[in-house]
Amino acid sequence: MRFTILTTASLASLAAAAPAQQLEERQGGCNVGFVFARGSTEPSPIGFLVGPGLQSALKRLIPSMITFPVGYAASIATNVSMDRTDAASVAEGAKAFNKAAGCKVIIAGGYSQGAAVMHNVIGLKKTALSDEIKSKIAGVALFGDTRNKQDGGHIPNFPNEKARVWCNASDGVCGGGLNVNAGHLSYSASQTGEAAKWLDERIKAMGVELESISAVVDTSVQVALDAIIASA
Ligand SMILES: *[C@@H]1O[C@H](CO)[C@@H](O)[C@H](O)[C@H]1NC(C)=O
Ligand SMILES: *[C@@H]1O[C@H](CO)[C@@H](O)[C@H](O)[C@H]1NC(C)=O
């Protein structure tokens, strides 16, 4: 593990060069990859309503985790179809999972249209992901899920116990509509914390032995690596 000996001081040169070869090596040594899709109109890479809260709660539990944001447009024009997203967004979702393919275990999350992206990539569009990648997915945490009602709170063609939906009872999208109301915008740190804990349990349930790089990787280096990989 080449990057485990990096210090914060060497970070600037690393970030400046962002050598693709080193990136691949890093991905080859990836323990846990976190694929996240933000909600409609939220800013790239992971929005602000659910993504950052879930990411930082996960980082506390799994310091070596690397984030792979779904680089889709997150346009409200694409949320209205039956799928609740479109083919281009599903393709971007698959791309993010493929980038995480070198990780030992993959976890995922999505908010609003991002949750629908997950339903489509993992379950509805059966050929979007290879079986190999699909088998690495330990758990998927979905918030304000625009396909909650249609898919009965599960991801189709995917084990029920590996997907869990967080929906505020008053959230105007969870009953099948597309109404963005206060309930849709009010997911809290306690809910993202609960989801992170659940995802961590799902990882453990996979029984995959992870490298203990968490103790040696400086958090700031890790954060910068996330940024480099996200933009690669
Ligand atoms: C979906 O699109 C409609 C129409 O453009 C918009 O009013 C609504 O806020 C969007 N809902 C979500 C959950 O993105
Ligand atoms: C659900 O949404 C309402 C309205 O924003 C909020 O007051 C309430 O705290 C939320 N409940 C939960 C469990 O998040």
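Here the structure is a predicted model, which means the values were calculated and not measured. Indexing begins at 1, ligand by ligand and atom by atom, following the structure's order.
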Open item on the list: Using the side-chain contact (heavy atoms from CB on, under 4.5 Å) criterion, which residues pair with Glu92? Sequence neighbours excluded.
Closed with: Val70, Tyr72, Lys95

Open item on the list: When you measure from the heavy atoms of Ser170 to every atom of ligand 2, does any distance fall below 4.0 Å?
Closed with: yes

Open item on the list: Within the structure provided, determine whether Met118 and Arg147 are in side-chain contact (heavy-atom separation under 4.5 Å).
Closed with: no

Open item on the list: By the definition side-chain hydrogen bond (donor to acceptor under 3.5 Å, both in side chains), identify the one residue from Thr85, Asp86, Asp145, Thr146 that meets it with Gln113.
Closed with: Thr85

Open item on the list: Residues around ligand 1, heavy atom under 4.0 Å from any ligand atom, sorted by chain and number. Can you pull those?
Closed with: Ser40, Ile76, Asn79, Val80, Ser112, Thr146, Val173, Leu178, Val180

Open item on the list: So which atom in Val80 and which in Ala77 form the shortest heavy-atom distance, rounded to 0.1 Å?
Closed with: CG2-O, 3.7 Å

Task: Contact list for residues 169-179, test side chain to side chain donor-acceptor pair (under 3.5 Å), sequence neighbours left out - done: Asn168-Ser170, Asp171-His184, Asp171-Tyr187

- [ ] Scan for salt bridge (charged side-chain N to carboxylate O under 4.0 Å, His left out) pairs involving residues 114-143, sequence neighbours excluded, and state none if there are none.
- [x] Asp83-Lys125

